[in-house]
Asker: 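One structure, pasted below without further comment.
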Amino acid sequence: MLVVKIGGSKGVDLERFLGDVPSVREPMVLVHGANHELNQVSEQLGHPARMVTSSTGQVSRYTDRRTMEIFMMVYCGRVNKTIVERLQGLGVNAVGLSAMDGAIARGRRKEQIRVIEDGKPKVLRGDYAGSIQQVDTRLLRLLLDSGYLPVLTPPALSSEGEAINVDGDKLAMEIAAALCADKLLIFSDTPGLLRDVRDEGSLIGRIQRDEMEQALEVAEGRAKKKVIAAREALERGIGQVVFADGRVDGAIQKALAGQGTVIG
Amino acid sequence: MLVVKIGGSKGVDLERFLGDVPSVREPMVLVHGANHELNQVSEQLGHPARMVTSSTGQVSRYTDRRTMEIFMMVYCGRVNKTIVERLQGLGVNAVGLSAMDGAIARGRRKEQIRVIEDGKPKVLRGDYAGSIQQVDTRLLRLLLDSGYLPVLTPPALSSEGEAINVDGDKLAMEIAAALCADKLLIFSDTPGLLRDVRDEGSLIGRIQRDEMEQALEVAEGRAKKKVIAAREALERGIGQVVFADGRVDGAIQKALAGQGTVIG
Amino acid sequence: MSNTTTDVAVCPECEGSVAVADVERGEIVQCPDCGAELEVTNTDPVTLQLAPEEEEDWGE
Amino acid sequence: MSNTTTDVAVCPECEGSVAVADVERGEIVQCPDCGAELEVTNTDPVTLQLAPEEEEDWGE
């Protein structure tokens, strides 16, 4: 069982990446984001993205109700269905879902969050974002057992049955843990985890389970979030986590063969 | 087995309509459009809807690739997932799908179409629209048998694996026929088929199978398309077609009880 | 007198000449000789091809 | 001297007075007496309540 996360980063050519999917024989769940497209469409619709930073430096998108509508349009509409269209065209029987469908992922909506904005500490309310508490794999197993390829995207469901923005990497990790995946492959527009984000040559090849702490020092910003997710993934029983390059041809096969940062 | 079509007309309060869904005990597929929202969002994104008319007076949306992207955002993103969110909140285990997912509906894309625009006869190419040729019910049955409520929307898939805009009512009818539905309920912002579209009091209550031809004279514009679909539905083995008011409380139960235009 | 420019193109069916004025790409004109329905495939210069058949039933 | 308007509000924890200038709704200020972190719930007049705890891990 394989869980593949393709990011919303602009550097990755989705069309080209998906060309490698038919070569994968084992059961697979594809999880995607659409961060970059969401920023563009939010701009076009006159509701530009409002990024907020927690006191510990974590950056996330303030997701008010209007943003959630645009989020659904971009993640669940444009990107999810373009992937399904492309895969169907390649003869792969894809089924596009959000994590709300069949209540796949439930989480807790943060009623209020504390952020630093324009240098001032603030409390923000009405944020439709949160963390995943539980995954129900029945729908995914039903589809996988019948030969479908689930293509999954945020949002998830809050306990009150509202859509909530959840981190795409975290969603992929929670799904992989719940499905006891052998491998979780996370693709983005870099060769993998880099010692120096500006130098694509500084790829970290291998991180054994006992080298996780050092890896945490190396990673910065978004990469740091990815390492935290990887560590938790291994603790939750996922066999291996690979951060690999989504821009190359045959990206999935290369990652399966160990190209990128292999952890565990 | 019940197939329910809720239109994209602006007059219907979706939130209110969906409140009646938990009361329905039998297996059900919900099919929806989003015509009105698509016109709004296309405007906001600076790609206003381009409606074209065939020489026989049929009006449809010229769906170029950019329009299809917006179509996916509005139909599969905003409206589909808002319905799923609302139903999950009501304790109904909804699964939102486009007709591309699991290749539910395949059709033929019209390479070129003949239209009348600004009074001139024209050939238009690059229209991602077409008619449904074939429905594969396996995914729908799999979901229904496991207690999920499929919430379905265009687009469908062309034989070349491209997304195609298909008529929402036709999609509902094709699904109902393929599932041998007992009833196909089509809701909109009118009490049912009206003798005079301007007079909501002129509701046609009942149309027996042998009164179909007269009904065709009565209906105009979009309503005409609906009667054509109803006739074909009955010929294809669907037990009954009901055109009912989507604006009232308990809309589904009332339609099941025969309120609206009952055909067959 | 509006300064419409009149072009003369060749009908692909009967090779008769077809005079057209102010046409757009994709517009359908009729050949005065054989009556065939022709599609304007280009406007500078005007080229014609047989227009596709009428087809019903499209999307929403 | 910028013409900042200074308001004085009451700290809900220790009832000490908290002078605040040019604050927005939602902003967090600290009570000079008891050090509690307070959220500005209104600005005209300024009202304060105990700010919620710090929580990690949100959406994308």
Side-chain angles (χ1 to χ4, degrees), chain A residues 7-8 33-36 38 49 51-63 67-68 71 75 107-133 153-156 163-171 222 225 228-229 232, chain D:
Chain A
N35 227 338
H36 173 61
L38 180 54
M51 304 307 285
V52 291
T53 316
S54 80
S55 42
T56 59
Q58 259 202 324
V59 175
S60 77
R61 179 188 305 275
Y62 175 63
T63 313
T67 303
M68 177 49 79
F71 187 101
Y75 279 67
R108 197 163 61 81
R109 178 159 94 87
K110 299 285 179 316
E111 284 313 315
Q112 70 276 327
I113 49 173
R114 289 184 52 155
V115 301
I116 314 283
E117 210 177 25
D118 317 327
K120 290 189 229 164
K122 285 187 193 169
V123 177
L124 282 186
R125 296 179 188 283
D127 186 19
Y128 284 78
S131 56
I132 298 168
Q133 247 80 48
T153 176
I164 47 172
N165 170 4
V166 290
D167 180 65
D169 287 351
K170 290 239 175 70
L171 177 61
R222 286 186 73 84
K225 262 168 92 172
I228 292 169
E232 207 192 318
Chain D
M1 262 289 291
S2 73
N3 54 2
T4 41
T5 50
T6 313
D7 280 283
V8 177
V10 175
C11 168
E13 290 298 296
C14 72
E15 283 154 16
S17 47
V18 183
V20 288
D22 277 343
V23 285
E24 291 167 51
R25 250 163 69 88
E27 207 174 315
I28 298 173
V29 295
Q30 208 166 25
C31 170
D33 299 344
C34 69
E37 290 193 315
L38 307 172
E39 177 192 347
V40 175
T41 46
N42 237 313
T43 49
D44 194 14
V46 170
T47 55
L48 302 171
Q49 75 179 19
L50 197 61
E53 284 310 311
E54 184 69 55
E55 283 194 53
E56 269 321 290
D57 185 6
W58 317 315
E60 219 151 66

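Numbered from 1 within each chain, the chains take letters A, B, ... in sequence-line order.
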Asker: So which part of D:Q49 gets closer than 4.5 Å to some heavy atom of chain A, the side chain, the backbone, both or neither?
Answerer: side chain
Asker: Using 4.0 Å as the upper bound for N to carboxylate O, is an ion pair formed by D:E27 and A:K120?
Answerer: yes
Asker: Calculate, to the nearest 0.5 Å, the distance between atoms CG and CZ belonging to A:L124 and D:R25 respectively.
Answerer: 11.5 Å
Asker: Going through the checks in order, is the side chain to side chain contact (heavy atoms under 4.5 Å, CB included) test met by A:R125 and D:E39?
Answerer: CA-CA 12 Å; A:R125 296 179 188 283; D:E39 177 192 347; 2.6 Å; yes
Asker: Taking side chain as everything from C-beta outward and backbone as N, CA, C, O, which of these in A:R109 sits under 4.5 Å from a heavy atom of chain D? Side chain, backbone, both or neither.
Answerer: neither
Asker: Search all heavy atoms of A:R114 against all heavy atoms of D:A51 and return the closest pair with its distance.
Answerer: NH1-CB, 4.0 Å
